[in-house]
Amino acid sequence: MNQERLLQVILAPVVSEKSTLVAEKHQQVVFRVASDATKSEIKAAVEMLFNVKVDSVSTVNVKGKVKRFGRTFGRRKDWKKAYVSLVQGQEIDLTTAVAE
């Protein structure tokens, strides 16, 4: 896989109550990824960026919400979320990874 493509796959970490609960219980990290990214691309990108071993990847297509602006209705974009399971003993600390 092309290294430039791998750098474009991971868009941002998802920081929410659910993602922190999943991180504590199941050693998983949640990322917002490119809509056309495959599981193998996501796995390779996480291993390259964070120097960890990935066990498995699950993806979810999140539908955009319908929002109202006065009398008109608009719709947010659909996006893709990836749950990345790490090998036992591996860890990604997003607070230090961003600072580096």
Side-chain angles (χ1 to χ4, degrees):
M1 284 176 237
N2 190 0
Q3 189 172 3
E4 290 180 26
R5 169 66 181 157
L6 293 180
L7 292 174
Q8 295 171 353
V9 169
I10 306 279
L11 300 179
V14 176
V15 180
S16 65
E17 288 184 32
K18 184 177 179 180
S19 66
T20 54
L21 182 69
V22 166
E24 292 172 2
K25 274 194 166 179
H26 304 291
Q27 287 75 38
Q28 290 182 333
V29 184
V30 185
F31 292 104
R32 187 175 190 147
V33 296
S35 297
D36 60 344
T38 63
K39 290 182 181 184
S40 59
E41 285 179 335
I42 296 167
K43 179 179 179 177
V46 170
E47 288 180 346
M48 183 188 74
L49 289 173
F50 298 103
N51 297 323
V52 293
K53 289 299 250 180
V54 174
D55 187 30
S56 65
V57 176
S58 300
T59 58
V60 178
N61 287 316
V62 180
K63 301 295 181 191
K65 292 182 177 182
V66 175
K67 292 291 186 175
R68 194 172 146 183
F69 303 99
R71 284 188 275 173
T72 62
F73 285 90
R75 191 160 188 274
R76 290 187 180 168
K77 286 185 174 182
D78 298 341
W79 55 285
K80 195 173 206 177
K81 185 181 351 181
Y83 289 91
V84 178
S85 297
L86 301 176
V87 174
Q88 190 70 26
Q90 298 283 319
E91 185 178 295
I92 294 176
D93 189 11
L94 295 174
T95 57
T96 59
V98 174
E100 292 178 7

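Given the structure is predicted, the values throughout are model-derived calculations rather than measurements.
Under a hydrophobic clustering in which Ile, Leu, Val, Met, Phe, Trp and Tyr are joined whenever their side-chain heavy atoms come within less than 4.5 Å, directly or via other members, L49 and V57 fall into the same cluster. When the side chains of ILVMFWY residues are joined at heavy-atom separations under 4.5 Å, either directly or via intervening members, W79 and V84 end up in two distinct hydrophobic clusters. V54 is connected to M48 through a chain of hydrophobic side-chain contacts under 4.5 Å among Ile, Leu, Val, Met, Phe, Trp and Tyr, so both are in one cluster. Transitive grouping of hydrophobic side chains (ILVMFWY, heavy atoms separated by less than 4.5 Å) brings F50 and L6 into a common cluster. V15 and Y83 fall into different hydrophobic clusters, defined by Ile, Leu, Val, Met, Phe, Trp and Tyr side-chain heavy atoms under 4.5 Å apart, directly or through other members.
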As a quick check of understanding, evaluate side-chain contact (heavy atoms from CB on, under 4.5 Å) for V46 and V29, giving each step before the final call. CA-CA 10 Å; V46 170; V29 184; over 6 Å; no
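Atom CG of D55 sits about 9.5 Å away from atom CD of Q88, to the nearest 0.5 Å. Atom NZ of K39 and atom CD1 of I42 lie 8.5 Å apart (nearest 0.5 Å). Taking OG1 from T38 and NZ from K80, the interatomic distance works out to 7.5 Å, rounded to the nearest 0.5 Å. Taken from CD in Q28 to CG in L86, the straight-line distance is 8.5 Å, to the nearest 0.5 Å. Residue K63 holds its NZ atom at 7.0 Å from CZ of R75, rounded to the nearest 0.5 Å. From K81, atom NZ reaches atom OG of S19 across 8.0 Å, with rounding to the nearest 0.5 Å.
Heavy-atom neighbours of R76 CZ from other residues, nucleotides or ligands within 6.0 Å: at or below the threshold of 12.
Not one N or O on the side chain of Q27 forms a donor-acceptor pair closer than 3.5 Å with the backbone of Q90.
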